[in-house]
Amino acid sequence: MPTGFERLFIEEYPRIAAIAGRVLADQAAAEDVAQEVFLDLHRRFGDDPGANAPAWLRAAAVHTALNTIRARHRRAARELRYTDGGDAGRDPEAALEAAETGRLVRAALARIPRRHAAVLALRYSGLSYTEMASALGVGVNTVGTRLRRAEARLRKEVGDASL
Amino acid sequence: MHPSDGTLRRWLDEPVAIEAATRQHLAACSRCAGRLGRIGADASRAAVLLAVPAPAADVEAARARFARTEGTAQLNAPGVRSGRVPAPARRSAVRAQRVMVGVAIAATASVVVVVTGASQDFLSLFQPEQLAPVPVTIADVRSLSGLTSYGNVHADGSLHLQPEPNAAAAGQAAGVAVPVIHHVPSGASASPSYAVVAGGVVSFTFDATLARAAAARAGGDLPPMPKGLDGSTLTVSIAPAVVISYGFDAASLYQGGSLPTGNEAFVVVASRTPTVSTTGVTMRQLEAYLLSVPGIPAEVASELRALGNPEQTVPVPIPIDLASASTVSINGAPGLLIGDSTQLGSVVVWTHNGVVDAVAGTLSSSEALGVARSVH
């Protein structure tokens with residue numbers, strides 16, 4: 001009989017890795033973050049963390065990933081490393097443009113207010129507004145307002161970078 | 001009173017979660033339409049900027065890695081604590097359930113809209129027999145309805161749901177055989193309600209002057225036009241659809257009623273495939289040209305180009321920020337499973353003998369497939 005934690009791991013791991021991946025654009029780094037937050041949860045709450053654990057994990061994943069990217073942003077020389085090697089089949093010029101856009105987006109996520117970066121990562125990882133509200137600890141009506149401001153801010157930060 | 005930016009933003013993603021009075025306001029207010037356009041444009045751009053390669057987490061490998069790490073950690077620091085994660089400051093399980101159902105219904109409506117070829121629809125539909133997933137954002141779908149930038153769209157009909165008292169009446173009203181569902185998951189109500197979505201005709205007439213202006217706004221020039229394109233018309237005839245809902249009443253929901261708060265809820269939808277005709281140019285010429293004009297989102301265009309034979313294939317939009325899709329077989333017919341990676345619900349859509357069927361709701365993938373495969 002699997003424990004509550006084991007069931008939680010199986011059900012939530014892909015999404016937790018996806019949330020971190022949305023911030024980092026790097027699957028290996030995202031899985032490192034996912035491992036870290038599950039480890040943290042298990043050490044804090046053991047084998048039966050309860051019904052609120054998914055929201056806790058999602059918040060932890062987005063903030064841990066943002067911490068990672070902000071630390072990396074301070075080491076600009078290393079940024080190109082996480083601007084995605086997943087498009088090996090594309091033409092080199094397009095890949096270069098995608099890498100540059102990825103770099104700009106990651107830099108923007110590191111620069112904009114954390115509450116904006118967090119809501120962007122959660123939304124585009126597929127969370128509903130209710131789930132975002134739980135993870136962020138805000139009312140569901142606040143989520144839409146925050147997301148709207150975050151998207152406008154991202155547009156300003158990234159400007160007209162080619163897509 | 002005009003709704004807030006936050007409400008407009010949510011409307012783009014979870015329209016059914018917005019109060020009926022607000023939805024009615026949005027349908028009539030030109031000022032809010034302008035605001036919605038700006039908000040949608042930012043959302044669409046954010047979705048593209050934040051797109052990452054599809055994750056491929058190997059859960060078993062991750063479990064093994066976790067076990068190795070945690071085993072080592074416990075040796076070094078014994079005494080794992082126990083307890084429950086405290087409740088967040090704000091949480092509403094009832095609200096969560098309402099949103100889940102709302103998203104599932106919105107997903108169904110999206111499939112029905114596209115499979116039946118409503119207005120975003122440079123998509124070519126020739127009573128096709130195959131389905132193909134096309135990753136889009138919800139904001140993309142809305143921006144694609146800006147086909148009006150390239151010509152004149154005329155729609156006759158709506159997606160209004162008319163309640164029907166029973167299966168026979170629904171079948172008669174829709175002119176399609178009503179699906180019989182032999183398997184209802186435990187936890188869902190066994191007694192369904194019936195409704196019919198009226199059919200209609202949508203036409204799009206290409207206008208070179210409008211298209212040239214749209215291309216200029218997008219910062220480009222129109223590619224050379226094939227002979228006969230200017231003034232050519234695409235007409236999609238949409239068949240009525242039967243909607244069978246379990247666990248809630250889809251018709252009353254769309255008339256402002258409340259969503260369920262408890263058990264699983266799902267719908268089964270059936271409609272004859274649409275028919276399409278064109279004048280002036282062939283469907284392939286029209287689609288190829290529209291895909292080449294400036295302003296069409298690059299990802300959508302490339303996916304559509306990859307479809308192969310557009311006269312045999314229905315593109316089904318899969319929200320990239322909500323779900324993933326995989327091909328499935330439903331009693332020998334080709335179909336798509338739009339997965340529950342969102343944990344909000346699942347959708348299965350398949351086509352056979354000139355009919356498109358869909359199952360959608362707050363079901364797991366396996367439950368949705370079980371329902372779909374029990375339909376006869």
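Hydrogens, waters and symmetry mates are skipped; everything else that's a heavy atom, side chains included, is used. What you see is a predicted model; the values in this text were computed from it and never measured. Within every chain, numbering begins at 1; the chains are lettered A, B, ... in the order of the sequence lines, protein sequences first and strands thereafter.
Summarising the geometry, atom CZ belonging to A:Phe38 is positioned 8.0 Å from atom CZ belonging to B:Phe66; distances are rounded to the nearest 0.5 Å. Taking CD from A:Gln35 and CZ from B:Arg68, the interatomic distance works out to 8.5 Å, rounded to the nearest 0.5 Å.
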* Go through the steps to decide whether B:Asp13 and A:Arg123 satisfy the test side-chain contact (heavy atoms from CB on, under 4.5 Å), and finish with yes or no. => CA-CA 10 Å; B:Asp13 291 334; A:Arg123 174 65 200 133; 2.9 Å; yes
* I would like to know whether A:Thr101 and B:Leu49 meet side-chain contact (heavy atoms from CB on, under 4.5 Å); could you show each step before the answer? => CA-CA 8 Å; A:Thr101 301; B:Leu49 288 171; 3.8 Å; yes
* Would you sort out whether A:Asp32 and B:Arg65 count as a side-chain contact (heavy atoms from CB on, under 4.5 Å), showing the intermediate values? => CA-CA 10 Å; A:Asp32 288 347; B:Arg65 177 182 169 187; 2.7 Å; yes
* Step-by-step salt bridge (Lys or Arg N to Asp or Glu O under 4.0 Å) determination, B:Asp42 to A:Arg148 -> CA-CA 8 Å; B:Asp42 280 354; A:Arg148 164 65 189 139; 2.7 Å; yes
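Residue contact with chain B, scored on non-hydrogen atoms closer than 4.5 Å, involves the side chain of A:Tyr13 exclusively. Contact annotation for A:Leu109: only side-chain heavy atoms (C-beta onward) come within less than 4.5 Å of a heavy atom of chain B.
Scanning both residues, A:Glu31 and B:Ala62, for their nearest heavy atoms gives OE1-CB, 4.5 Å. Contact record, B:Leu50 with A:Tyr124: CD1-CD1, 3.6 Å, taken as the closest heavy-atom pair. Shortest non-hydrogen contact noted between A:Gly21 and B:Val52 is O-CG1, 3.7 Å. Of all heavy-atom pairs spanning B:Glu14 and A:Tyr129, the tightest one is OE2-N, 3.0 Å. Of all non-hydrogen atoms in A:Thr130 and B:Arg10, the two that sit nearest each other are OG1-NH2, 4.3 Å.
A 6.0 Å sphere centred on CZ of B:Arg35 holds more than 12 heavy atoms belonging to other residues, nucleotides or ligands. For CG of A:Asp40, the number of neighbouring non-hydrogen atoms (other residues, nucleotides, ligands) closer than 6.0 Å is greater than 12.
With respect to A:Glu151 and B:Arg9, a salt bridge is recorded, a charged nitrogen being found less than 4.0 Å from a carboxylate O.
Residues B:Arg63 and A:Ile10 are in side-chain contact: their nearest non-hydrogen atoms beyond the backbone lie under 4.5 Å apart.
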